[in-house]
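In what follows, a structure is listed as structure tokens, so that the remarks can point back to it.
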Amino acid sequence: MARRPHLPLRRLEGSLERRKRPGFPSSPDRDHRVHGSKLQASLIELVSRKAQRNDPAEDPAIIIKITTNGYISEDGLAANGLTILAQRDDTATVALSMDRQLSQVRARSAQYTGDIPAGQKSATHAGFFDAIEEFSELDPSDRIGSALTRNGFDSLAAIPDGGTFLIDVELWDVDDEMLREIYIERVRVAAETHGGDFLSRYRGAGLFIARVRVPGAGLKALLAMNEVAWIDLPAQPDFAPDPAADMTIEVLPPLEPPPASSLCIGIIDSGIMAAHPILAGVVAGTFGVPDWLGVDDEKRHGTSVAALATYGSLSTHLDEQQLTPRFRIASAKVVDGNGRFDDDRTVADIIEEAIRRLHGEYGCRVINISLADNEHIVGGRPSNWAMVLDNLVRELGIIVVVSAGNVSDVSARLQNEGLAIYPEYLRDADNRLFEPASALNTLVVGSLAHSNGLMAGDEENVDVIALTSTHHPSPFSRSGPGFADSIKPDLVEHGGTAVWLGYASTLSADRPSCGVLTLNANYLQSLMTYRHGTSFAAPVAAFKVAMVLSEFPDRSANFIRALIGLSTDHPPALLDRVTVGTGRESYRHAGYGVADINLASASEDHRVVMAIEDSLPVDRFAVYEIPIPTDFQTVRGRRHIKVSLAFDPPVRNSRKEYAGIKMGYHLVRGKTRLSSCACVTSSRICPRSRSWRSIGKATW
């Protein structure tokens, strides 16, 4: 089939105003006198508590939890002297007042409680106060993060006074430098007063975090502090177990390193063994974050990841008897030999420094992170780690590839419930994606089985049972949905499988047939090894992204992401294995499917890609022309049109709507000079919100 260049997509109209639907539900009817008196009493109580705490005179701020039963806007809060800090859910907003007496909101509440002015149907300021159930302070339990909860520390009573807790204390990111310094100093004092240590601080876009180590009594004291937004356990990397099986190659095929002008892929992982013979001429640079980590791969993970990012498939190169790595590699080592981040710094701080250095020093536009936080499952709100990734993708114009994370050992469950629970158990709530897979602007990658995992001789052993066939979900690959029921993972690649060993009652991947071939960090023992896990599916996706970027080096990261999304499909074997009920299960396991480099890079005679990079203001729409050939309209058979939208909005995880702006499209026939057109719209969910949302591909 002839390869053709993609065609431009033509915009017919300028920016047109989108017709908006009615906004928010009305507030409940209130007896304004009774309700106003209740609200006034709660405001007086807040002021009294502030005075009793003997806060320093330079700190006038009061942080208030507003429980609502209706919509209150940021403009409405501002009119009452309040600044929104966070939206916890549909009924809870946290706001800041820089007036320790709450004078403005108290004065307005008094007007609301008074007589209804002549000529008015409702009390003064009823639109604001009718929607409010109460003013209060946050309860300590409101500040307990998801990982602490999952570990049994879901209340103050559940936290012992002793022990040691290494925690991240997220403070309210107020827009006042002096107040931020007061807050961080209070955390330091509280930690040290209880015999703990203040280790480090980090401030990024919308984030203000302290890392401390404290006994349980110190944790409880911090949970009671009003300036604290959340407290949770730090992120912990998730590594698949090291396999025992490996292979040694006696004589290497010829190796042709990539040219100095080739793309450089950034690897954020456990380091790299740059002296590995099969990486000769590949490694552009290495560094540790922090520096004391060094650069060598003590965990023996990053080297295996990097090999797949530059080779794509090492097996293919060996079959062809020619080692031709395609891309250079720059390695940022961020975990030690035990797979742990530095205790003294927040993960957000470490990851941001690594990304900025990879991008700034080595020009990396594609960065792979095969690390997943096994303490935090995607759910309540996107993690700080995810928010840093989303913001850096937008700021730097990069493509970040993230692994979905691995399911912990399910051998006991398979033994008790039977092997028939595969693959349904992968969709259980406990097996959802690990953070930072809630990041909207990244490409999250899950794993498909490359085989059934059986070996020669297994046919005589009835106790070795295959769960999978090629293209089935890997028995360890975590599933979606992503944050706010978004389609995540975005992509899947082959990352290995596992078999059931009946004689040992164990689900095992500890055999060559269950892993994908890659490099062994301990190359003096053997050059190669077999590995399994989503960690080794992600760099294959990064390789594909870099291949498409090589075809379009002057295009934006969004353009590349859109082409990757447009090229994806679900393997038929996957659909046959997982499709039940509504038929959408394949998206939970595999996102949009497997990307095809050839389809993303070029059009064909009977498959045409039309693409455009464009901009669209909020609450506007544009019309694009899609010429439809006669054959498409008249020839019998299955035909389809796929649409892929990609953009990289700013995000805020302190808002109820992490993604406050969305994009969508309509495909319309017979409404233009030609037979079809596409209408793309952008719209805002929350007025004045600084959050956005990304929409992926859809198919007809």
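Treat the numbers as computed from the prediction; the structure is a model and nothing was measured.
With hydrogens and angles ignored, the 3.5 Å screen pairs no side-chain donor or acceptor of Asp428 with any backbone N or O of Asp430. Put simply, the side chain of Arg328 never gets that close to the backbone of Val283: no donor and acceptor are under 3.5 Å apart. With hydrogens and angles disregarded, no donor-acceptor distance shorter than 3.5 Å links the side chain of Thr497 to the backbone of Gly453. Side-chain atoms of Ser508 do not come within 3.5 Å of backbone N or O of Val499 as any donor-acceptor pair. In this structure, the side chain of Asp349 does not engage the main chain of Tyr202 through any donor-acceptor pair within 3.5 Å. In this structure a side-chain-to-backbone donor-acceptor pair under 3.5 Å is missing from Thr529 to Leu519. Looking only at distances, a side-chain donor or acceptor of Arg211 sits under 3.5 Å from a matching main-chain atom of Asp343.
When every heavy atom of Ser383 is checked against every heavy atom of Ser438, the shortest pair comes out as N-OG, 3.6 Å. Summarising the geometry of Ala332 relative to Leu358, their closest heavy-atom pair is CB-CD1, 4.1 Å, with the distance given to 0.1 Å. Taking every heavy atom of both residues into account, His570 and Ala590 meet most closely at CD2-CB, 4.1 Å. Contact detail for Lys299 and Gly339: the closest heavy-atom pair is CD-N, 4.1 Å. Nearest heavy atoms, Phe198 versus Ala210: CE1-CB, 3.8 Å. The minimum heavy-atom distance between Ala386 and Pro436, with the atom names listed, is CB-O, 3.8 Å.
Heavy-atom neighbours of Glu256 CD from other residues, nucleotides or ligands within 6.0 Å: at or below the threshold of 12.
Considering only heavy atoms from C-beta on, Arg561 comes within 4.5 Å of Leu443 through its side chain. Annotation: side chain of Val464 is in contact with side chain of Leu501 (closest heavy-atom distance under 4.5 Å). Between Leu426 and Val578, every side-chain heavy-atom pair lies at or beyond the 4.5 Å cut-off. The shortest side-chain heavy-atom distance between Leu166 and Pro234 falls under the 4.5 Å cut-off. Annotation: side chain of Leu517 is in contact with side chain of Leu318 (closest heavy-atom distance under 4.5 Å). In this structure, Glu435 and Phe483 have side chains that are not in contact, with every pair of non-hydrogen atoms separated by 4.5 Å or more. In this structure the side chain of Leu371 reaches within 4.5 angstrom of the side chain of Trp385, judged on heavy atoms. The closest side-chain heavy-atom distance from Val548 to Arg555 is not below 4.5 Å.
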With side-chain contact (heavy atoms from CB on, under 4.5 Å) as the criterion, how do Asn520 and Gln525 come out once you've worked through the C-alpha distance, each side chain's angles and the decisive distance to 0.1 Å? CA-CA 8 Å; Asn520 186 0; Gln525 178 186 23; 4.3 Å; yes
Assess the residue pair Asn441 and Asp648 against the criterion (side chain to side chain donor-acceptor pair (under 3.5 Å)); give the C-alpha distance rounded to whole Å, side-chain angles, the decisive distance to 0.1 Å, and a yes or no. CA-CA 6 Å; Asn441 298 335; Asp648 49 8; over 6 Å; no
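Checked by atom type, the side-chain pair Ser200/Asp344 shows no donor-acceptor distance below 3.5 Å. Looking only at atom types and distance, the side chain of His532 has no donor-acceptor partner in the side chain of Ser474 under 3.5 Å away. Between the side chains of Ser411 and Asp409, a donor-acceptor pair is found at a separation under 3.5 Å. Side-chain contact annotation: His317 with Thr324, donor-acceptor N/O pair under 3.5 Å present. The closest side-chain donor-acceptor pair between Glu551 and Ser601, if any, does not fall under 3.5 angstrom. Between the side chains of Thr346 and Asp168, not a single donor N or O lies within less than 3.5 Å of an accepting N or O. Judged purely by distance below 3.5 Å, without hydrogens or angles, the side chains of Glu375 and Asn151 pair a donor atom with an acceptor atom.
Ser550 pairs with exactly one of Leu263, Val545, Ile597 by the side chain to side chain contact (heavy atoms under 4.5 Å, CB included) rule, that one being Leu263.
Annotation: His471 is not in aromatic contact with His450 [ring centroid separation under 6.0 Å not met].
A salt bridge links Glu395 with Arg356: the closest approach of a Lys/Arg side-chain nitrogen to an acidic carboxylate oxygen falls below 4.0 angstrom.
Partners of Ala466 by side-chain contact (heavy atoms from CB on, under 4.5 Å), not counting sequence neighbours, listed by chain and number: Asn452, Leu454.
Judged by the 6.0 Å and 45° rule, Arg413 forms no cation-pi pair with Tyr425. At least one cation-pi condition fails for Arg326 and Phe543: the charged atom is not both under 6.0 angstrom from the six-membered ring centre and inside a 45 degree cone around its axis.
Using cut-offs of 30° and 60° for the angle between ring planes, the Phe552 and His6 rings count as parallel.
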